[in-house]
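Read the structure below first, then the notes.
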Amino acid sequence: MLDVLGTLERTHSCGELRESEVGQHVVLMGWVAKKRDFGVFTFIDLRDRDGVTQVVVSEETAKEAHAKAKNLRGEFVIAVKGEVALRDEGARNAKLATGGIEVKVSEILILNDANVLPFQLEVAGSENLAAEDTRLKYRYLDLRRPQLQHNIRTRAKAVAAIREYFDTRGFIEIETPILLKSTPEGARDFVVPSRIHTGKFFALPQSPQILKQLTMISGFDKYYQIARCFRDEDLRADRQPEFTQLDMEMSFAHQEMAYREMQGMFNHVFTKVGGIELPAAWPRMTHAEAMRRYGSDKPDLRFEMELVDLSGELAGTDFAPFASVLESGGEIKCIVAKGKADYSRKQLDELQDFVKRYGAGALAWIKVGDETTSSLLKVLGEEKIGQLVTSSGAVSGDLVLIVAGRKSVVAASLGALRIEVAKREDLIDRTAYKPLIVTEFPMFEHDEETDRYTAAHHPFTSPMDEDLEKFTTAVNDESQHHLLGEVRAKAYDAVINGYECAGGSIRIHQKDVQALNFKAGHVARIGADAVRIFLDARNSARRRTAVSPPASNAPA
RNA sequence: GGAGUCGUAGUUCAGUUGGUUAGAACGCCAGCCUGUCACGUUGGAGGUCGCGGGUUCGAGUCCCGUCGGCUCCGCCA
C-alpha cells in the first residue's frame, strides 16, 4: 500500500538547497535516481526537474524510514522530511550543485512505486544510451533525463523570448487555421478527410504562407506566429514531418528592414536563452560567393578549409576526364586538409565513397611533402602537380582533395567533404556561434537533366531591381530563356554554424512583375486556381509586402 | 523512389575457419557492508541469436527471401 500525500507540501526543489539552508527542516519530493545501500544507512539521490539532492537515511536515527528505504527502487516517487546537514569536508560532491549538503531523513512517504525500467535513464557515455526508437516508445521516461528536461526548457525560453521581442517591436501575434485548402508550396501536403464534404480533403499548412500575406492585405502591417507546419516528406536526422517555425511578415519593407528584424530576434533569443552575444550586424555573403567558397548556401564558418578553383590551372590538360569536364562547362576544385598528408589509402577510399554519394566520379588527391605523391602523378606529371599544390595554397604535410565535374556536383561534394573532414579531424569549435546572412539567392534553378529553369523560391518572390530588365527579356524572348539562370531574387537565408535557421524574401508588389513571374512558369506548375484568392485579394488592396517566412527553431 | 549499414540478455555490445553448455559491461534479484555519490563485495536469475526457408553431419556465423531500426541521396519551392 502506497502512502498518502495528504496536505504535505514541498519546501524546496531538489536543486536549490545550499550550505545556507543547513539546519532547516525541509520536505523534498521527487524520483529515486539512485540508491546506495550501506546496511545501517542508505543514500538516495533524489531527482526532480531542478536537480539532484542526496538524502541519507540512518537506521540509528530513523528506524522506520530506514526500513522503508530498503524497499526503494529506481524511479519510485517519494517525499522525504528531514534536516539539511553540512557534509563533512571529504564527503562533498563537487559534481552536484547541492553537493555541499545532504538531507538527514526522518520520514519517507512512498507516493508511487515503479517497474524495472526498459532502459537506463542515466548511463556513462552517450554511446551506451538506448537507441532512439526504444526511448521514443517510453518517451515519458526519456523526458525525465536531465538533458531532455533541459532541451524542453530551452525551447520554452526561446519561445518566450521570441514573443517578447516581437511584441516590443510592434508585431501582432495572429493564429491562422490548420484545416485548409491546399496552397501552392513545395512539399507534399498532409491531408485530412472531410466528414461533411465526402471524398474531399483538407490540407494541413506547410507554412502559413498565403494566410500571412492576407494579413498584410488586411492591414495588420506586422504579423508573427509560432506556427505548426506539416510537410509529408521523407525524414532526416534533423527533420520531422511536423514542426514549429516562427513565421513573420511585414508591410512596406525592404531587405534591410527584414535583416534587421531577423538579426534582432535571433540576437535577443540567443542572449536570453544562452547568454550568447551574437554580432549586432551579422556578416553577409551573396549566394554566389557562398557557393564558390564553401560549396554550400549555408556555410559553416566555424572553420576555414575553403574551396579553391583549379580549373584555370588545368585548362588545356591532356587528362581526358578533366578535359571533358572543363569542355562541358564544369569545373575542378579542391580543398586542403591541413596536416593530413598521412591519410591512409583506406581513409582516402572512404572519402572517395563519401563524395560519390553527391555524384562525384572520383576523388583525386595530392599528399604534399618532401616526396609529394598523388593519384594524378602519372597523368599530370610532377611539374603540374607542383603547380596545383601552389595554387591550392597547400604546404608540406597537407592533403589536397580534388573533385572534377558539373558545377553543382563539385559544390555539393566538396561542400559536404569539407564538413566531413572537419568532423573527422575535430576542427569545429563547438563553443562558437557564427551567424551569416546569405543574400541574392537565384530566382530560378537550372535542372541539368531536363535543361529547364524552375522556381527556386515561391512565386511571389521579387527579382532584384538590378535584374528586372534581364528578367523581362528572359521571359518574353524565348531565345534568351537561359538568362533566367542569372536573375537574382530578393531572397535571403539566415545561417548559423551551417544550419539554415531562417529564410525569406521580399514580395513582388507590382502586378506586371507578378504576371511575368507566372509567365516564367510558375502558374503552369501550381495552377492558377490555387493562388486565385490571393490574387483577388491583392487586386483589392495593393500593398508592398516584405517577408521573412520560415524561421525554424534555431539549433541551440 | 534509391544506396549503405545494423538486428545476439532489459540496455549497450563482443562472438574466431561453420563445431561441445552463446559471452562481457551496465541493469535486475538475494545476502553482507558506518560515508557513498560510476559505492564495494559474494552469489543468482535472465537468450526463439528479428522472422521464414535453404546448404550442411552440424548454422548466431554461409546462401535466398522477408520485416524492422539507423544514416545518407532523391525529396523538403
Side-chain angles (χ1 to χ4, degrees), chain A residues 33-47 52-61 66 70 73-75 85 87-96 98-99 102 104 114-138 141 183-190 206-207 209 229-241 243 245 350 353-360 409 412-413 416 420 441-445 447 449 453-461 489 491 500 503 505 517 521-522 525-526 549-550 552:
Chain A
K34 197 87 191 183
K35 188 180 80 170
R36 290 177 293 278
D37 185 351
F38 280 80
V40 295
F41 57 83
T42 299
F43 295 107
I44 296 158
D45 289 342
L46 192 61
R47 183 197 70 235
V52 173
T53 300
Q54 173 169 284
V55 304
V56 56
V57 197
S58 164
E59 188 175 32
E60 209 171 299
T61 56
H66 181 261
K70 205 96 191 153
R73 297 289 181 273
E75 298 305 307
R87 293 207 208 175
D88 289 340
E89 193 76 44
R92 302 209 175 125
N93 185 352
K95 283 183 232 162
L96 282 183
T98 60
E102 63 191 357
K104 303 269 192 205
N115 293 330
V116 173
L117 297 174
F119 66 94
Q120 283 167 261
L121 264 45
E122 286 176 77
V123 289
S126 60
E127 69 278 4
N128 292 321
L129 193 60
E132 192 172 32
D133 58 329
T134 306
R135 285 184 284 128
L136 282 173
K137 185 175 175 184
Y138 305 99
L141 295 178
T183 57
E185 297 194 54
R188 208 173 288 120
D189 282 325
F190 272 108
Q206 296 171 28
S207 77
Q209 189 66 247
C229 301
F230 308 87
R231 293 177 190 172
D232 189 9
E233 296 292 347
D234 290 349
L235 276 65
R236 280 286 192 290
D238 61 350
R239 195 198 294 165
Q240 296 181 315
F243 60 95
Q245 71 177 23
E350 282 171 9
D353 287 343
F354 180 82
V355 294
K356 279 182 173 175
R357 299 209 296 254
Y358 298 87
V409 166
S413 49
E420 175 68 14
F441 272 65
M443 272 293 265
F444 300 91
E445 279 162 1
D447 186 329
E449 313 256 300
Y453 290 88
T454 56
H457 216 61
H458 61 66
F460 312 108
T461 302
E500 174 195 335
S505 66
N517 205 13
H522 282 115
R525 211 181 102 247
I526 61 182
S552 44

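Everything quoted here is computed from the prediction, not taken from an experiment. Letters A, B, ... mirror the listed sequences (proteins, then strands); counts begin at 1.
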Check your understanding: Does the B:rG69 base have a donor-acceptor partner in the side chain of A:Glu132 within less than 3.5 Å?
Key -> no
Review point. Under a 3.5 Å cut-off for both distances, is B:rU17 Watson-Crick or wobble paired, and to whom?
Key: none
Check your understanding: Using a cut-off of 4.0 Å on non-hydrogen atoms, how would the nucleic acid contact of A:Arg73 be classed: base, sugar-phosphate, or nothing?
Key -> sugar-phosphate
Review point. Is the shortest side-chain N/O distance from A:Arg236 to OP1 or OP2 of B:rC73 below 4.0 Å?
Key: yes
Check your understanding: So which nucleotide does B:rU5 pair with, by the Watson-Crick or G-U wobble rule with both distances under 3.5 Å?
Key -> B:rG69
Study note, to complete from the structure: Heavy-atom nearest pair, A:Leu141 first then A:Pro118, reads CD1-CD, 3.6 Å
Practice item. May I ask you to evaluate whether A:Lys356 reaches the phosphate of B:rA3, defined as a side-chain N or O under 4.0 Å from OP1 or OP2? Key: no
Exercise for review: Measure the acute angle between the ring planes of A:Tyr358 and A:Phe354, then classify it against the limits of 30° and 60° as parallel, tilted or perpendicular.
Suggested key: tilted
Check your understanding: Contact class for A:Val40 vs. all strands (heavy atom < 4.0 Å): base, sugar-phosphate, or nothing?
Key -> base
Point to revise | Selected nucleotide, minimal atom distance to A:Arg239 side chain, candidates B:rU12, B:rC76, B:rC73 | key: B:rC76
Review point. Looking only at N and O atoms, is any donor in the side chain of A:Arg87 or the base of B:rU36 less than 3.5 Å from an acceptor on the other one?
Key: yes
Exercise for review: Between B:rU8 and B:rC70, how far apart are the P atoms? Round to whole Å, please.
Suggested key: 14 Å
**Study point:** Rounded P spacing from B:rU16 to B:rG50 in Å
**Key:** 14 Å
Check your understanding: Just how far, in rounded Å, is P of B:rC13 from CZ of A:Phe119?
Key -> 15 Å
Check your understanding: Side chain of A:Ala237: nearest nucleotide among B:rG1, B:rC72, B:rC37?
Key -> B:rC72
Exercise for review: Select base, sugar-phosphate, or nothing to describe what A:Glu59 touches, counting heavy atoms under 4.0 Å on all strands.
Suggested key: nothing
**Study point:** Side-chain donor or acceptor of A:Arg47 paired with backbone N/O of A:Lys34 under 3.5 Å
**Key:** no
Point to revise | Spacing of the P atoms in B:rA14 and B:rU5 (rounded, Å) | key: 15 Å
Check your understanding: Picking from B:rC75, B:rC26, B:rU12, which would you name as closest to the side chain of A:Asn128?
Key -> B:rU12
Study note, to complete from the structure: Among the nucleotides B:rG35, B:rC39, B:rC75, whichever has the atom closest to the side chain of A:Glu233 is B:rC75
Review point. With a 3.5 Å cut-off and just heavy-atom distances, do the side chain of A:Lys104 and the base of B:rG35 make a donor-acceptor pair?
Key: yes
Practice item. Using a heavy-atom cut-off of under 4.0 Å over every strand shown, decide if A:Arg92 touches base, sugar-phosphate, or nothing. Key: base
Review point. Do A:Gln54 and B:rU36 have a side chain to base donor-acceptor pair shorter than 3.5 Å?
Key: yes
Review point. Among B:rU34, B:rC75, B:rU36, which is the nearest nucleotide to the side chain of A:Phe41?
Key: B:rU34
Point to revise | Shortest non-hydrogen contact between A:Arg231 and A:Gln245, atoms and distance | key: NH2-OE1, 4.2 Å
Check your understanding: Touch check for A:Ala91, heavy atoms < 4.0 angstrom, all strands: base, sugar-phosphate only, or nothing?
Key -> base
Practice item. With C1' as the reference atom in both, quote the distance from B:rC29 to B:rG35 in angstrom, rounded to an integer. Key: 26 Å
Exercise for review: May I ask you to decide whether A:Arg73 forms a salt bridge with A:Glu75, counting only side-chain N to carboxylate O separations under 4.0 Å?
Suggested key: no
Check your understanding: How would you label the contact of A:Asp133 with the nucleic acid (heavy atoms, under 4.0 Å): base, sugar-phosphate, or nothing?
Key -> sugar-phosphate
Check your understanding: Want to settle it: does A:Gly74 or A:Asp234 sit nearer the 5' end of RNA chain B, counting the closest nucleotide to each?
Key -> A:Gly74
Check your understanding: Looking at side-chain heavy atoms only, is the closest gap between A:Glu420 and A:Val355 below 4.5 Å?
Key -> no
Point to revise | Pair partner, B:rU36 [Watson-Crick or wobble, under 3.5 Å] | key: none
Practice item. Record whether the side chain of A:Arg357 comes under 3.5 Å of the base of B:rC73 through a donor-acceptor pair of N or O atoms. Key: no
**Study point:** 5′-ward residue of the pair A:Asn93/A:Val123 relative to RNA chain B
**Key:** A:Val123
Review point. With a 4.0 Å cut-off on heavy atoms, is A:Asp353 in touch with a base, just the backbone sugar-phosphate, or nothing at all?
Key: nothing
Point to revise | Pairwise P distance for B:rC26 and B:rA38, with rounding to whole Å | key: 14 Å
Practice item. Could you give the distance separating B:rU21 and B:rC39 at their C1' atoms, to the nearest angstrom? Key: 34 Å
Review point. Which is true for A:Glu127 with a 4.0 Å heavy-atom rule: it touches a base, it touches only sugar-phosphate, or it touches nothing?
Key: sugar-phosphate
Check your understanding: Looking only at atom P, what distance separates B:rG27 and B:rU41, rounded to whole Å?
Key -> 12 Å
Point to revise | Integer angstrom distance from the P of B:rU61 to that of B:rC49 | key: 10 Å
Review point. Paired with B:rU41: which nucleotide, if any, by Watson-Crick or G-U wobble criteria at under 3.5 Å for both distances?
Key: B:rG31
Practice item. Would you please classify the geometry between the A:Phe230 ring and the A:Phe190 ring as parallel, tilted or perpendicular, with 30° and 60° separating the classes? Key: perpendicular
Check your understanding: What does A:Arg36 touch in the nucleic acid at a heavy-atom separation under 4.0 angstrom: a base, only the sugar-phosphate, or nothing?
Key -> base
